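This chain uses plain numbering: 1 for the first residue, then up along the sequence. Only a predicted model underlies this, so the values are computations on that prediction, with no experimental measurement involved.
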Amino acid sequence: MTDPLVSADWLASRLGEVQVVDATWFMPGEGRECHAEYLAAHIPGAVFFDIDAIADKTVDLPHMLPTAETFAEMAGELGLSRDATVVVYDSFGIRSSARVWWTLRVMGFDKVFVLDGGFKTWLAEGRPTEAGPATLPPTALSPRLNARLVRDVSAVKNLLESKAAQLVDARGAARFRGEAPEPRAGLRSGHMPGARNTPFDSLLNADGTMKPADQLRPLFAAAKVDLGAPIVTTCGSGVTASVVALALARLGRADVAVYDGSWTEWGGRSDTAVVTGS
């Protein structure tokens, strides 16, 4: 399969054959607890992947990628296997599931997909759920890292100077232009010089599913994104940037990298350029 998304019908017919991962995550201000909601109801057999726990705890930035060694240990404890087909979902529709899809690919998982529409679609179609924790037998994962799919702050500085890649920002237009405050305190408002803006929610339908390829292409064209040139995505903290990367993968661009620190890092530093307006 070349499409990185699968339908609820596709997944329902393969429960027990694929590994299912609940990647639900909420912004601090949303007032919801992701693990509690997972325990209350999840797709049968789904293990819970906490992006704030399986993360680099040595930096003061949210859910940054851990080292390949740390990831291999923690994902192995979850029972994830590179030999298996892995399907990731979240309760938003498509949000943090895209982040875990990207994380797994960075860490050497090739057969990973996102459930289109997530848990909302699963429930809307009346499909079964279960409560309590689900477990898989632990696996022994070797550390792997596909560095081509991730960028750090120095790499983004270099690409802005060299124009070696396009930077596509997934935040809402008002935040991109610097007209709305950032949800995290202490960050400057605006965007990186030369960045394009494709808000992640513009890529989704009202029910949380992703728009088909023929509707995605015009959205990137409107933002002057060249689908034939190198692309790096960014957002507030590397979550919705992964939704843009997922949409680009649906268009055949599985090579798109994500700026892991995103605006939480960039907007919080004094040595990074910030502009406002469109």
Side-chain angles (χ1 to χ4, degrees), residues 23-37 49-67 70-71 90-92 94-100 102-103 106 149-161 165-203 223 231-245 256-278:
T24 298
W25 167 86
F26 300 111
M27 287 283 291
E30 287 183 289
R32 296 172 67 179
E33 208 289 297
C34 50
H35 191 248
E37 294 196 16
F49 189 112
D50 185 341
I51 66 171
D52 288 322
I54 304 177
D56 184 353
K57 299 301 181 64
T58 68
V59 295
D60 188 24
L61 292 168
H63 41 255
M64 292 283 283
L65 283 176
T67 64
T70 297
F71 176 87
D90 66 60
S91 66
F92 180 86
I94 299 175
R95 187 169 65 177
S96 48
S97 55
R99 170 74 187 192
V100 174
W102 169 74
T103 298
V106 169
L149 294 178
V150 59
R151 296 290 184 275
D152 61 14
V153 64
S154 62
V156 173
K157 285 183 177 181
N158 290 338
L159 75 84
L160 290 179
E161 187 173 325
Q166 306 159 94
L167 202 66
V168 181
D169 194 322
R171 293 175 301 154
R175 287 172 65 191
F176 179 83
R177 294 192 298 261
E179 298 166 359
E182 288 296 306
R184 292 178 175 87
L187 303 182
R188 292 174 290 166
S189 296
H191 60 270
M192 298 113 167
R196 284 86 160 164
N197 185 211
T198 303
F200 89 97
D201 53 4
S202 71
L203 308 174
I231 299 171
V232 175
T233 65
T234 182
C235 62
S237 66
V239 174
T240 60
S242 302
V243 179
V244 177
V256 169
V258 170
Y259 169 29
D260 194 14
S262 282
W263 199 255
T264 302
E265 180 175 41
W266 192 274
R269 294 172 64 119
S270 59
D271 61 343
T272 49
V274 174
V275 296
T276 57
S278 57

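Taking OG1 of Thr103 as the reference point, atom CD1 of Ile54 lies at 9.0 Å (rounded to 0.5 Å). Note that CG of Asp56 is 8.0 Å distant from OG1 of Thr70, once rounded to the nearest 0.5 Å. Remark: Phe92 CZ to Met27 CE distance equals 11.0 Å, nearest 0.5 Å. How far OG of Ser242 is from CD1 of Ile51: 8.5 Å, rounded to the nearest 0.5 Å.
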Evaluate side-chain contact (heavy atoms from CB on, under 4.5 Å) for Thr234 paired with Met192, printing each intermediate quantity in order. CA-CA 10 Å; Thr234 182; Met192 298 113 167; 3.7 Å; yes
Residues Glu265, Thr272; criterion side-chain contact (heavy atoms from CB on, under 4.5 Å); working and verdict: CA-CA 9 Å; Glu265 180 175 41; Thr272 49; over 6 Å; no
side-chain contact (heavy atoms from CB on, under 4.5 Å) assessment of Trp263 paired with Arg175: CA-CA 10 Å; Trp263 199 255; Arg175 287 172 65 191; 5.5 Å; no
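Between Tyr259 and Asp152, the shortest heavy-atom distance links the atoms CE1-C, 3.8 Å. Nearest approach of Thr276 to Arg177, heavy atoms of both residues: CB-O, 3.3 Å. Heavy atoms only, all atoms of each residue included: Ile94 and Val243 are closest at O-CG2, 3.9 Å. Nearest heavy atom pair, residue Arg151 against residue Ala257, reads NH1-CB, 3.6 Å. The minimum heavy-atom distance between Pro193 and Leu160, with the atom names listed, is O-CD2, 3.3 Å. When all heavy atoms of Arg171 and Gly190 are compared, the pair lying nearest together is NH2-O, 2.6 Å.
Remark: the backbone N or O of Ala273 is not paired with any side-chain donor or acceptor of Arg188 at under 3.5 angstrom. Remark: side-chain polar atoms of Asp90 are paired, donor with acceptor, to backbone N or O of Ser96 under 3.5 angstrom. For the pair Asp169 (side chain) and Phe176 (backbone), a donor-acceptor distance under 3.5 Å is absent. Of the possible donor and acceptor atoms, one in the side chain of Thr24 sits under 3.5 Å from a partner among the backbone N and O of Ser91. Using modelled atom types, no side-chain atom of Ser189 and backbone atom of Pro181 make a donor-acceptor pair closer than 3.5 Å.
Within the 4.5 Å cutoff, the side chain of Trp102 has heavy atoms near those of the Asp260 side chain. Using a 4.5 Å cut-off on side-chain heavy atoms (C-beta onward), His191 and Asn197 make no contact.
Around atom CG of Asp52, more than 12 heavy atoms belonging to other residues, nucleotides or ligands sit under 6.0 Å away. Residue Glu179 qualifies as enclosed at atom CD: its count of foreign heavy atoms under 6.0 Å is above 12.
At least one cation-pi condition fails for Arg99 and Trp25: the charged atom is not both under 6.0 angstrom from the six-membered ring centre and inside a 45 degree cone around its axis.
Note: Phe71 and Phe49 have tilted aromatic rings, judged against thresholds of 30 and 60 degrees for the angle between ring planes.
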